[in-house]
Amino acid sequence: MSLIKKPVTGMKDIMPREMEIRDYVIRVIKETYASFGFTSIETPCVEDIQNISSKQGGENEKLIFKILKRGEKLNLETARTEADLVDMGLRYDLTVPLVRFYSNNQNNLPNPFKALQMGNVWRADRPQRGRYRQFMQCDIDILGEASNLAEIELILATTTTLGRLGFKGFEIRINERRILKAMAAYAGFAEDMYDTVFIILDKMDKIGLAGVKEELLAEGFAADSVEKYCALFDGVENTLEGVRKMQEQLGEYLDEEISQSITEIIESVEKTKRADFKMVFDPTLVRGMSYYTGTIFEIAIPEFGGSCGGGGRYDKMVGRFTGNDVPACGFSIGFERIVLLLCESGFRIPDKKTMIAYLVEKGLPTGELARVMDEAMKEREQGRQVLVARMNKNKKFQKEQLMAEGYTEFREFYREALK
């Protein structure tokens, strides 16, 4: 029986052209984030199942690739529960591993700690355009900074990176989990039902306000509470004026410091940004992770038609590991979707090295072959990319393939003489 050539569903082989773009994007990301003071770390791809199934990852905890116990620890005959079978899992994001890393190494890290982490994560999700079961994540996080300076720095670093990659006209949508809670309290929803309300609200961009209202009623919420809740969204602009209006409507339900902080973040970013984008206040923005405690944000790029990254503040998460809360905030770029958009747009890497192909005829004497190799080495020392390959019988097709890979110069070497 022949083996299976195709990759596992939801995972993919990466061709050289895309790999080249991925390497370039990684280089730009690392250079830009380093200029903002972020330092690289790395964590294992496998985490203790207790850490990644601790009710902090929202729906993603249903998508964990779980790892069976090994050797004598695995006894299929006596196993009665999942805990008897599983003790580890592949990480579904980089935030939980980062917090575990920070909790374990806090005494040896600066305060605040600005971390950059890039690596693959795994989710047993339904594959679709720009979404895979194995994919690269790229996170920056600031731990130990309680003020909104963390949010401002994260947004500026992320948007500067996107600008350097050529993206324009995108949006950073921003909201606050405490605004969401204040809205639910104002409407009269029971606190233990907030998450249900937020899950429905998160569908606003797909089903509209009327759809949200219908689903809330279908869930059994009181009609007067639903009416009061939905009325909050009427006429609220996505600007600073929208923040002010929301504060006026919610009154004592929302601490003014929260709306002032959102206002300060938006104003500070707009005045200092380097990329072409705009800040948008979006009171319908929820974000799925239950570990968020404050500011939340998302990247919306028109060409993709959906989220291309996001993040927020998670001040209570370190305390789950150490017993002492540490302020923390992070932002993740949708690496795979960014690369997808660049590939689809025919992106060419700027300032790319000159690519030269040396085509050597079969049977070239040893001395002449050595001269060819020496010449290629000299070209490489000058910063050029040189491929040395045997000349195919169909030289025209060979050149066409190399041109498709980016080679612009060709030098041919024959047995009779070096040309």
(request) Only one of Y194, Y229, Y253 passes ring pair (Phe, Tyr, Trp, His ring centres under 6.0 Å) with F189; say which it is. (result) Y229

(message) Whether E153 and K114 form a salt bridge (side-chain N of Lys/Arg under 4.0 Å from carboxylate O of Asp/Glu) is what I want to check.
(response) yes

(request) Identify the heavy atoms of Q247 and D255 that sit nearest to each other, and give their distance. (result) OE1-O, 3.8 Å

(message) Could you tell me if S40 and E42 have a donor-acceptor pair between their side chains, going purely by distance under 3.5 Å?
(response) no

(request) Using modelled atom types only, decide if a donor and an acceptor are shared between the side chain of T160 and the backbone of A157 within a distance under 3.5 Å. (result) no

(message) Tell me the closest heavy-atom pair linking A124 and R133, and the distance in Å.
(response) C-NE, 4.3 Å

(request) Could you give me the CA-CA distance, side-chain angles and deciding distance for R178 and E176, then say whether salt bridge (Lys or Arg N to Asp or Glu O under 4.0 Å) is met? (result) CA-CA 5 Å; R178 289 172 294 181; E176 239 276 4; 2.5 Å; yes

(request) State whether a side-chain donor-acceptor pair under 3.5 Å links T43 with Q117. (result) yes

(request) Inspect the surroundings of NZ in K378 and state if more than 12 heavy atoms from other residues, nucleotides or ligands are less than 6.0 Å away. (result) no

(message) I'd like to know if the side chain of R91 reaches the main chain of G89, judged simply by a donor and an acceptor atom lying under 3.5 Å from each other, with no hydrogens or angles considered.
(response) no

(request) Report, as yes or no, whether the 6.0 Å neighbourhood of atom CE on M377 holds more than 12 heavy atoms from other residues, nucleotides or ligands. (result) no

(request) Determine the minimum heavy-atom distance between L201 and P283, stating which atoms define it. (result) CD2-O, 4.0 Å

(request) Among residues two or more places apart or on two chains, list those pairs meeting ring-ring contact (aromatic ring centres under 6.0 Å, His included) that have a residue in residues 303-354. (result) Y24-F347, Y291-Y314, F297-F331

(message) Distance alone, cut at 3.5 Å: any donor-acceptor contact between the side chains of E379 and Y358?
(response) yes

(request) Quick one: closest heavy-atom pair of A223 and L217, and the distance? (result) CA-CD2, 3.8 Å

